[in-house]
Chemist: 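So that we are looking at the same thing, I have put the structure below in structure tokens.
Just so it is clear, the model here is predicted, and its values are computed rather than measured.
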Number of protein chains: 2
Amino acid sequence: MAMNQTLKAISDPVRRQILELLKAKSYSAGEIAGQFDLSQATVSYHLKLLKQASLISEHKQKNFIYYELNASVFEEVLTWIYGLGIGGNDHDKAHH
Amino acid sequence: MAMNQTLKAISDPVRRQILELLKAKSYSAGEIAGQFDLSQATVSYHLKLLKQASLISEHKQKNFIYYELNASVFEEVLTWIYGLGIGGNDHDKAHH
DNA sequence: TAACTATTTAGATAATTTTCTAAATTGTTC
DNA sequence: GAACAATTTAGAAAATTATCTAAATAGTTA
């Protein structure tokens, strides 16, 4: 179930862009929304889904809510992909 | 664009199950459909999406169409995930 | 405490995705 | 070539997801 949520979360391009943004540093909800041509409420909805999937976490400061990336959740996805037997070359299969 | 299609494709549990099934060996469309409590047409639809994402390929034999897994497509996804900076431990980051 | 700021929640609509049944296609066999 | 078998395509309905505007929350500051 957890993986389904993770994969659903990253299947949307807006949400992937949010993750990419947070790769550098944490941003407030407003700052994140500012990057998109979408309403604040819509971005808030995407943040909620990412949060539910544990791909991001939040911490409040003043009256801002800052979001940060939590990429460790991808472990399960990687295990699944490697389990399928990657056809590629560059990635280190040995450990999987 | 390619990655979006890949991630959309694997965001559905039925399609992931199809990939898992094909991990062992190739199966005909009918054999695949037999694994699910869904109509043949619905499974055919899922196979089409997987095919469009190049996650599977087909080869005809008699009047069967056999499908096989093509996991090499995951390369791009893995690169993206590693680019995000995996928080885990077990996976070999060095190459990414 | 009143006004303000940042963000979320509610409720509605639009868009996309999944599913079904029925019909069409493609290839096989008698 | 007619009947059959495996699969896909078409078209419609159901379910889910993404989006918006307006209202509600919660925390801050004057």
Chemist: Tell me the closest heavy-atom pair linking B:Leu84 and A:Ala71, and the distance in Å.
Modeler: O-CB, 4.5 Å
Chemist: Does the side chain of B:Lys62 get closer than 4.0 angstrom to OP1 or OP2 of C:dT29 through an N or O atom?
Modeler: yes
Chemist: Have a look at A:Ile32 and say if it touches a base, only the backbone sugar-phosphate, or nothing, with a 4.0 Å heavy-atom cut-off.
Modeler: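 Nothing: the residue A:Ile32, judged by heavy atoms under 4.0 Å, touches no strand.
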Chemist: Is there a path from B:Tyr82 to A:Met3 through hydrophobic residues (I, L, V, M, F, W, Y) whose side chains come within less than 4.5 Å of each other?
Modeler: yes
Chemist: CD1/A:Ile32 to OH/A:Tyr66 distance, rounded to the nearest 0.5 angstrom?
Modeler: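 Nearest 0.5 Å value for the CD1-OH distance: 10.5 Å.
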Chemist: Report, as a single string ordered 5' to 3', how protein heavy atoms within less than 4.0 Å touch nucleotides 3-16 of chain D: B base, S sugar-phosphate only, - not at all.
Modeler: --BSSBB-------
Chemist: Closer than 4.0 Å, any side-chain N/O of B:Ser39 to the OP1 or OP2 of C:dC20?
Modeler: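 Answer yes for this pair, as a side-chain N or O of B:Ser39 is under 4.0 Å from OP1 or OP2.
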Chemist: Whole Å only: how far is the NE2 atom of B:His59 from the C1' atom of C:dG27?
Modeler: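 Atom-to-atom, B:His59 to C:dG27, this comes out as 15 Å.
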Chemist: Round to a whole Å and report the spacing from CD of A:Gln17 to P of D:dA18.
Modeler: 14 Å
Chemist: Could you pull out all donor-acceptor pairs under 3.5 Å where a side-chain atom in residues 40-47 of chain B meets a protein atom, sequence neighbours excluded?
Modeler:
unit_1: B:Thr42; atom_1: OG1; unit_2: B:Ser39; atom_2: OG; d: 3.0
unit_1: B:His46; atom_1: ND1; unit_2: B:Arg15; atom_2: NH1; d: 3.0

Chemist: Provide, to the nearest angstrom, the distance between the CG atom belonging to A:Leu38 and the P atom belonging to D:dT17.
Modeler: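 Nearest whole value for this atom pair: 18 Å.
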Chemist: Can a side chain N or O of A:His46 be found less than 4.0 Å away from OP1 or OP2 on D:dT19?
Modeler: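 True: A:His46 side-chain N/O within range (under 4.0 Å) of D:dT19 OP1/OP2.
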Chemist: Please list all pairs meeting side chain to side chain donor-acceptor pair (under 3.5 Å) that have one or both residues in residues 18-36 of chain B, counting only residues at least two apart or in different chains.
Modeler: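 Sorted pair list: A:Trp80-B:Glu20, B:Ser28-B:Glu31.
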Chemist: In whole angstrom, give the distance that lies between atom CD of B:Gln61 and atom C1' of C:dT28.
Modeler: 14 Å
Chemist: Could you report the tightest heavy-atom contact between A:Ser54 and A:Val73, atom names first, then the distance?
Modeler: O-CG2, 3.0 Å
Chemist: Rounded to whole Å, how long is the line connecting atom CG of A:Asn4 with atom C1' of C:dT18?
Modeler: 14 Å
Chemist: Can you check the A:Leu50 CG to C:dT7 C1' distance for me, whole Å?
Modeler: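 Going from A:Leu50 (CG) to C:dT7 (C1'), I get 16 Å.
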